[in-house]
Amino acid sequence: MLLNSHFEAYLEGVLEEALKSINPGFDSTTLARDFTTPRPDKIDKLLLLLGIDRISQQISWNNAGNKAARKDINELQNARNTIAHGEQNAKATKSDVNRFRRYVEGFCSGVDKIVAERVTNMTGVRPW
C-alpha cells in the first residue's frame, strides 16, 4: 500500500512541478484532487493536462514492454485494493513487492522523461 501511495504522490508531484515550470503562479491542487487511483487510464487523464496524449502507452524500458508495464501497474492497484479493503485472501509476497517496485520505478522514469521533454518544448527550459 505504501508503494502505491508514493506512486500516486509522485505522479501528482510531477504534474505540480511541470505546471509550476510553465506558469510559476499556477496551483495544481484542485487538478490533482480527483486523482486517487494511479491506473494507466487515470494517469493518462491526469497528464493530458500537459497536452501529453496517452502517456501510459508511450512507456517501456529494458525487460518491460509497454503492455507488461501497464498490466503490472494495474495489478499493483488490484493488490492495493484487496489489502486495503481487508479481503481475507489478500497477501503481498516479497517477490510481488519487488516486481511492483521495479515496474513503478521504470514507469516513473518514463513519465519523468516524457514530461520533462514536454515542458522543455513549451518553455525552452528543462524543468529538472
Side-chain angles (χ1 to χ4, degrees):
M1 288 181 49
L2 189 57
L3 176 61
N4 190 71
S5 176
H6 284 288
F7 182 40
E8 181 180 332
Y10 163 78
L11 292 163
E12 291 169 347
V14 130
L15 175 66
E16 179 180 359
E17 290 299 316
L19 290 172
K20 281 183 182 177
S21 294
I22 296 165
N23 181 344
F26 195 80
D27 180 11
S28 67
T29 307
T30 55
L31 295 174
R33 186 179 346 188
D34 294 331
F35 181 68
T36 58
T37 307
R39 291 188 183 277
D41 61 324
K42 303 285 186 185
I43 295 166
D44 289 347
K45 184 177 176 184
L46 181 72
L47 295 177
L48 184 59
L49 295 167
L50 297 171
I52 302 169
D53 191 33
R54 293 179 261 178
I55 192 169
S56 73
Q57 294 180 23
Q58 300 178 41
I59 298 171
S60 62
W61 60 95
N62 294 346
N63 303 323
N66 180 261
K67 197 175 249 186
R70 286 183 289 125
K71 177 181 167 277
D72 270 30
I73 295 302
N74 267 321
E75 285 181 12
L76 170 61
Q77 302 315 303
N78 294 340
R80 178 255 176 234
N81 289 344
T82 60
I83 293 167
H85 297 292
E87 291 186 25
Q88 288 183 343
N89 297 334
K91 66 178 181 173
T93 66
K94 183 176 180 179
S95 174
D96 291 335
V97 172
N98 285 331
R99 178 173 53 96
F100 290 140
R101 180 188 50 79
R102 284 191 305 272
Y103 275 93
V104 167
E105 287 175 351
F107 199 90
C108 289
S109 179
V111 166
D112 190 75
K113 288 175 188 171
I114 293 168
V115 171
E117 183 178 302
R118 174 69 176 151
V119 171
T120 302
N121 289 340
M122 293 174 77
T123 65
V125 178
R126 186 141 177 98
W128 47 81

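All values reported here derive from a predicted model rather than from experimental measurement.
Side chain to side chain, Ser109 and Asp112 fail the donor-acceptor criterion of an N or O pair below 3.5 Å. Side-chain polar atoms of Asn74 and Arg70 form no donor-acceptor pair below 3.5 angstrom. For the 3.5 Å distance criterion, the side chains of Asn66 and Gln57 fail to qualify, holding no donor opposite an acceptor.
Side chain of Ser5 to main chain of Met1: no donor-acceptor pair is present (N/O by atom type, distance under 3.5 Å, no hydrogens or angles).
Heavy-atom minimum distance, Ala18 versus Val119: CB-CG2, 3.6 Å. The two residues Leu46 and Ala32 come nearest to each other via the heavy atoms CD1-CA, 4.3 Å. Taking all atoms of both residues into account, the shortest heavy-atom contact from Ala92 to Ile83 is CB-CD1, 4.1 Å. In terms of heavy-atom proximity, Arg126 sits nearest to Ala116 at NH1-CB, 3.5 Å. Tyr103 approaches Ala64 most closely through the heavy-atom pair CE2-CB, 3.8 Å. Taking both residues in full, the closest heavy atoms of Phe100 and Ala79 are given as CE1-CB, 4.1 Å, listed atom of the first, atom of the second, then distance.
A distance of 11.5 Å separates CG in Asp53 from CG in Leu47, rounded to the nearest 0.5 Å. Note that CZ of Phe107 is 4.0 Å distant from CD1 of Ile59, once rounded to the nearest 0.5 Å. Interatomic distance, Glu8 CD to Arg39 CZ, rounded to the nearest 0.5 Å: 12.0 Å. Rounding to the nearest 0.5 Å gives a distance of 10.5 Å between CH2 of Trp61 and CZ of Arg102. From Glu12, atom CD reaches atom CG of Leu15 across 8.5 Å, with rounding to the nearest 0.5 Å. Taking OH from Tyr10 and CD from Glu105, the interatomic distance works out to 11.5 Å, rounded to the nearest 0.5 Å.
Screening Thr37, Leu11, Ile52 for a side-chain contact (heavy atoms from CB on, under 4.5 Å) with Ile43, the sole residue that qualifies is Leu11.
Considering only heavy atoms from C-beta on, Ile73 stays 4.5 Å or farther from Pro38 through its side chain. In this structure the side chain of Val104 never reaches within 4.5 angstrom of the side chain of Asp72, judged on heavy atoms. When side chains are defined from C-beta on, Leu19 does not count as touching Leu49, because their heavy atoms never get closer than 4.5 Å.
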Derivation of the side chain to side chain contact (heavy atoms under 4.5 Å, CB included) call for Val115 and Trp128: CA-CA 10 Å; Val115 171; Trp128 47 81; 3.6 Å; yes
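Enclosure of atom CG in Asn63 is not indicated, since only 12 or fewer non-hydrogen atoms of other residues, nucleotides or ligands lie within 6.0 angstrom. Around CZ of Arg54, the count of heavy atoms belonging to other residues, nucleotides or ligands within 6.0 Å does not exceed 12.
Note: the hydrophobic cluster containing Val14 does not contain Leu48 (ILVMFWY, side chain heavy atoms under 4.5 Å, direct or indirect links).
With respect to Lys20 and Glu16, a salt bridge is recorded, a charged nitrogen being found less than 4.0 Å from a carboxylate O.
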